[in-house]
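Both counts, for ligands and for their atoms, begin at 1 and track the order of listing. The analysis underlying the following values was restricted to heavy atoms, covering all of them including side chains, and did not include hydrogens, waters or symmetry mates.
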Amino acid sequence: MSTTETAQLVDGSGLAARTVEETAARAAEIARRTGTSPCLATALVGEDPASVTYVRMKRARCAKAGIRSRHIALPATTTTAELVGVLKGLSDDPGVHGILLQHPCGPHIDERAAFEAIAPEKDVDGVTMHSFTAMSFSSPGFVSCTPGGIMRLLEAYDVELAGKHAVVVGRSAILGKPAGMLLLAKDATVTYCHSRTVDLPAFVREADVVVAAVGRPRLIRGEDIKPGAVVIDAGYNPGNVGDVDFTTARTRARLITPVPGGVGPMTIAVLLAQTVEAAARQLGVEHS
Ligand code: NAP
C-alpha cells in the first residue's frame, strides 16, 4: 500500500447501533416468552460527576433497548464490606440478570474484593477473575466490554488475526490486558507494551494490528505505523483525541478507528448485549 492512500475508517457508531438494535429485539423476545424483561443493576459509590454521568448514560441506553435497570446509589462513606454485601445481595436476587459496579469506587474501597462479590453469571461488565479466566481460556463467560467491542469491530471488518502480530499498548485490567487475551484466543501473536517498555515505536513498527489503550493523546505516531496495518484506538482524551495521531496514521494504515465514533460506542453496546445474554441464560431462553 502506498503511503499516500488513506485508510478505511471503522464505523463503530454504525456497528454499535446495529448491535443495540439486535439486542433490543432479543430483549423483547425474552420479555414475550418469559414475561420478564432483562434487568441490569448499577451500583455507584459516591457522587463523582463523571461516574454519575456514565451511569445515567448506561441506564438511558438500557431503557431504549428494553432493558430495565435498577440503580443502587451508595454514599461515599460506604465501606468495602458494605459494598460487598450489596453486590452479593444483587448476585442472589433472581430479578437482576446483570450487575455493573461503576468504577473507580474511591481509594478506601478494595475494588477487587467488590468485583469478586459479583456472581460470574451476572458479570456483564467482565470484571471478575472468573471472567478473566474465561477470556484467557476461551471458555464460556462474559468479556470486558471495551475489549469485547474491539473484537466485534475486527470481526465485522473481516480482519484476519491468526498468525498476525498484534501489539497492545496498555495493560490495564479492564482494557489492555483482556484485549491481548482475546487477540491471543484468535491466534494472533501478541506483544504487550506499557509504561516501562523501552522503545515503544520499535514495537509499533512491527505490528500488523495496533491496539492503543493508554490515555496519552497522540502517543502513537503515524510514522511508526507499518503500511497496511490495522489501527484500533481505544484511547479517549480531552478534546476528543485518541492515543494515535490519527491524521498521519491514516495515511499508512489499511483500516483505522476514528475518535470519536470508533471503539467508544461499542463499549455500551457490548454491555447491553451481555446483559440480555445473561438474562437469556438465567431465564432459559434459547436463541430462536
Ligand atoms: P489506565 O488504567 O490508566 O492504563 C493505561 C495503560 O497505559 C497502563 O498499562 C500504562 O502502563 C500504559 N501507559 C501509560 N503511559 C504509557 C506510555 N508512555 N507508553 C506505553 N504505555 C503507557 O487506562 P485504561 O483505563 O486502560 O484506559 C486507557 C485509555 O482508554 C484511556 O484514554 C481511556 O479513556 C480509554 N478508555 C476508553 C473506553 C471506551 O469505552 N472507549 C473504555 C475504557 C477506557 P503501566 O501499566 O506500566 O502503568
Notebook entry, point to check: Going by atom types alone, do T251 and T248 pair a side-chain donor with an acceptor below 3.5 Å?
Noted result: no

Margin query: How far is atom 16 (C) of ligand 1 from the closest protein heavy atom, and which atom is that?
Written below: V214 CG1, 3.6 Å

Next item on the list: Using heavy-atom distances, let me know which of H103, R216, R196, H194 sits nearest atom 15 (N) of ligand 1.
Entry: R216

Item checked: Residue selection (non-hydrogen contact nearest atom 45 (P) of ligand 1) among G149, S195, P260, P217 -> S195

Item checked: Passing option when H165 is tested against T189, T191, D208 for side-chain hydrogen bond (donor to acceptor under 3.5 Å, both in side chains) -> T191

Check: Hey, does G176 sit under 4.0 Å from ligand 1 if you only count heavy atoms?
Finding: no

Item checked: D224 with R205: basic N within carboxylate O range, under 4.0 Å -> yes

Margin query: Taking atom OH as the centre, does Y54 end up with more than 12 heavy-atom neighbours from other residues, nucleotides or ligands that are less than 6.0 angstrom away?
Written below: no

Item checked: Closest approach of any protein heavy atom to atom 29 (C) of ligand 1, naming residue and atom -> G215 N, 3.6 Å

Item checked: F246 atom CZ: more than 12 heavy-atom contacts under 6.0 Å -> yes

Next item on the list: Just jot down the ligand 1 atoms closer than 4.0 angstrom to any heavy atom of G235, in number order.
Entry: 29 (C), 30 (O), 32 (O)

Check: What protein heavy atom sits nearest atom 17 (C) of ligand 1, and how far away is it?
Finding: L219 CD2, 3.9 Å

Check: When you check the gap from the basic side-chain N to the acidic O, do R281 and E277 get nearer than 4.0 Å?
Finding: yes

Margin query: Donor-acceptor pair, distance only, cut-off 3.5 Å: does the side chain of K122 make one with the backbone of L90?
Written below: yes

Margin query: Does only the side chain of T267 get under 4.0 Å from ligand 1, or the backbone, or both, or neither? Count heavy atoms.
Written below: side chain

Check: Among V143, V159, L183, which one satisfies side chain to side chain contact (heavy atoms under 4.5 Å, CB included) with M151?
Finding: L183

Notebook entry, point to check: What residue and heavy atom of the protein are closest to atom 41 (N) of ligand 1, and at what distance?
Noted result: G264 CA, 3.4 Å

Check: To which protein heavy atom is atom 44 (C) of ligand 1 closest, and what is the distance rounded to 0.1 Å?
Finding: L175 CD2, 3.5 Å

Notebook entry, point to check: In the protein, which heavy atom is nearest to atom 32 (O) of ligand 1, and how far is it?
Noted result: Y236 N, 2.9 Å

Item checked: Atom indices of ligand 1, in the order listed, that fall short of 4.0 Å to a heavy atom of I174 -> 25 (O), 43 (C)

Check: Which residue holds the protein heavy atom closest to atom 9 (O) of ligand 1, what is that atom called, and what is the gap in Å?
Finding: R171 N, 2.8 Å

Item checked: For A234, the ligand 1 atoms whose distance to one of its heavy atoms is below 4.0 Å -> 30 (O), 35 (C), 36 (N), 37 (C), 41 (N)

Notebook entry, point to check: Can R112 and E116 be counted as an ion pair, charged N to O under 4.0 angstrom?
Noted result: yes

Notebook entry, point to check: Under a 4.0 Å N-O cut-off, is there an ion pair linking E29 with R26?
Noted result: yes

Checklist line | Nearest non-hydrogen protein atom, atom 26 (O) of ligand 1 | finding: S172 OG, 2.5 Å

